There are 2 protein chains.
Amino acid sequence: IINVENVRKTYRMGDNIVKAVDGVTLNVFGGEYLIIMGPSGSGKTTLMHLMGCLDKPDSGEIYLAGKCVSKLNDRDLARVRNKMIGFVFQQFNLLPRLTALENVELPMIYAGVPRAIRHKRAKEVLTMVGLRDRMEHKPTQLSGGQMQRVAIARALANQPQIILADEPTGNLDSKSGEEILKIFSDLHSDGLTIIVVTHDLEVAANGQRVIHMRDGRIVSQEVRTSV
Amino acid sequence: IINVENVRKTYRMGDNIVKAVDGVTLNVFGGEYLIIMGPSGSGKTTLMHLMGCLDKPDSGEIYLAGKCVSKLNDRDLARVRNKMIGFVFQQFNLLPRLTALENVELPMIYAGVPRAIRHKRAKEVLTMVGLRDRMEHKPTQLSGGQMQRVAIARALANQPQIILADEPTGNLDSKSGEEILKIFSDLHSDGLTIIVVTHDLEVAANGQRVIHMRDGRIVSQEVRTSV
Ligand SMILES: Nc1ncnc2c1ncn2[C@@H]1O[C@H](COP(=O)(O)OP(=O)(O)OP(=O)(O)O)[C@@H](O)[C@H]1O
Ligand SMILES: Nc1ncnc2c1ncn2[C@@H]1O[C@H](COP(=O)(O)OP(=O)(O)OP(=O)(O)O)[C@@H](O)[C@H]1O
Ligand SMILES: [Mg+2]
Ligand SMILES: [Mg+2]
């Protein structure tokens with residue numbers, strides 16, 4: 001469902017060159033539960049942003065459900081992304097002046113979902129992540145783990161086909177983390193494609209395949225052979 | 001070295017009341033390595049901000065090295081805090097327009113450290129956390145784990161007596177996390193007081209005492225009896 005073909009992303013700072021993604025080829029099949037691991041700074045977030053069509057590679061191609069992403073204009077790209085992909089950002093990226101509820105409604109507003117329906121759906125996903133009593137709180141009125149759960153709820157709001165979650169449990173206690181992983185597993189059973197960046201081996205244990213990155217490249221992968 | 005006496009912090013939002021810290025009494029002895037754990041939203045960050053004198057309780061008292069914090073004026077409080085406490089924020093709180101190096105120099109500028117000395121010290125602590133090649137990067141040019149390490153370096157810059165670290169390894173791979181914990185252990189051997197909020201049991205294993213919070217209160221504690 002996502003094909004990454006020899007993709008590169010380089011940052012230039014004066015004379016300094018950072019090869020954040022340095023030739024990555026990766027094929028994610030529809031319905032896969034993929035885990036991405038690797039040291040801090042190895043390029044995981046950069047790769048996730050390229051796969052989620054939030055950023056363009058300097059070379060190579062990205063295909064989303066067979067469509068070549070670089071051939072889409074910005075408006076079509078935004079529309080496809082909004083419809084197919086739910087992205088959980090490592091730094092949450094919540095809008096500070098909106099409540100938790102309004103933050104979760106945002107992707108649905110963009111998708112043209114009628115007010116009553118998106119209101120109901122936003123409450124539903126916030127309740128799913130345990131934030132029923134925090135819907136009217138703004139991000140500065142939430143704990144770190146609560147902000148992370150709002151970011152997760154927002155990614156689920158539009159019922160996307162693909163979830164890209166960048167370290168979704170880093171700020172959560174083990175119980176809250178397990179609840180989130182259960183949500184992901186249930187969605188995976190429903191047929192969604194789940195891609196999770198994590199540093200946590202217990203999170204990684206939920207995936208079907210684990211790829212390891214180092215210095216902008218994929219250096220190894222393991223495929224789970226059990227049921 | 002820090003005494004928390006029946007401290008309360010309540011947030012009011014319209015008719016809603018959130019008892020973030022609901023009567024906490026805690027005595028941290030000088031040189032202790034204390035771990036604070038608890039579910040998301042249980043009040044850990046709020047308690048840390050009160051202990052670090054970044055916030056004032058609604059009731060109860062806080063004593064820092066024997067001084068009653070509420071009796072200090074803002075300027076004296078800021079000076080004592082800057083000199084004694086290094087705080088690692090859960091959301092890093094880096095200044096986006098400053099480089100990693102400049103962010104780390106900030107507490108030293110405030111303390112009146114001469115330019116050449118603070119420049120050298122900033123480079124030293126950034127190298128300690130593995131960011132020697134990232135000193136000129138601004139926060140938006142850093143990975144999540146790199147930002148977290150800049151926040152840690154900044155907390156160490158002024159050689160404080162107390163380190164308050166709010167989930168300092170949440171964005172780090174296990175190797176980078178271990179390097180940070182080694183720094184904390186070394187500082188602890190030098191006599192520093194270390195207080196770490198964490199969700200990670202492996203991090204908790206480094207402490208001498210673990211307190212558990214729930215709904216704004218301390219509900220249990222364990223003291224390590226081995227060497
Ligand atoms: N805008 C930028 N300019 C320069 N360098 C950048 C920029 N963004 C990222 N980098 C660098 O690219 C590398 C990869 O960053 P990335 O955020 O993808 O890492 P990561 O694997 O997600 O790390 P972490 O586990 O710490 O989140 C890092 O070394 C980072 O310093
Ligand atoms: N400014 C505020 N206004 C209203 N409620 C707040 C505010 N700040 C925090 N809260 C609430 O206070 C409670 C405690 O927050 P705190 O940040 O201390 O939790 P925490 O234990 O650090 O959680 P986490 O592990 O998720 O970081 C949370 O339920 C949060 O929603
Ligand atoms: Mg990252
Ligand atoms: Mg917190």
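A, B, ... follow the sequence lines: proteins, then strands. Residue 1 opens every chain. Predicted, not measured: the structure shown is a model, and the values here were computed from it.
Heavy-atom contacts from other residues, nucleotides or ligands closer than 6.0 Å to CD of B:E202 number 12 or fewer. The number of heavy-atom neighbours closer than 6.0 Å to NZ of A:K56, taken from other residues, nucleotides and ligands shown, is above 12. The number of heavy atoms from other shown groups lying within 6.0 Å of CG (B:N27) is above 12. Shown here is B:D215, whose CG atom has no more than 12 heavy atoms of other residues, nucleotides or ligands within 6.0 Å. For CZ of A:R8, the number of neighbouring non-hydrogen atoms (other residues, nucleotides, ligands) closer than 6.0 Å is greater than 12. Within a 6.0 Å radius of CZ in B:R209, more than 12 heavy atoms belonging to other residues, nucleotides or ligands are found.
Residues A:Q141 and B:M13 approach most closely at OE1-CE, 3.5 Å, considering heavy atoms. The minimum heavy-atom distance between A:N171 and B:Q90, with the atom names listed, is OD1-NE2, 3.0 Å.
Within the 4.5 angstrom heavy-atom criterion, no atom of A:M37 approaches chain B.
In this structure the side chain of B:S40 reaches within 4.5 angstrom of the side chain of A:Q146, judged on heavy atoms.
Atom OG of A:S174 sits about 10.0 Å away from atom CG of B:D200, to the nearest 0.5 Å. For the atom pair B:N16 CG and A:D133 CG, the distance stands at 8.0 Å (nearest 0.5 Å). Annotation: the span from B:Q91 atom CD to A:Q91 atom CD amounts to 7.5 Å, rounded to 0.5 Å. A distance of 7.5 Å separates CG of A:D173 from OG of B:S42, quoted to the nearest 0.5 Å.
Ranked by non-hydrogen atom pairs under 4.5 Å with chain B, the options A:R149, A:E136, A:K175 are led by A:R149. Between chain B and the options A:V18, A:L142, A:T45, the largest number of non-hydrogen pairs under 4.5 Å is found for A:V18.
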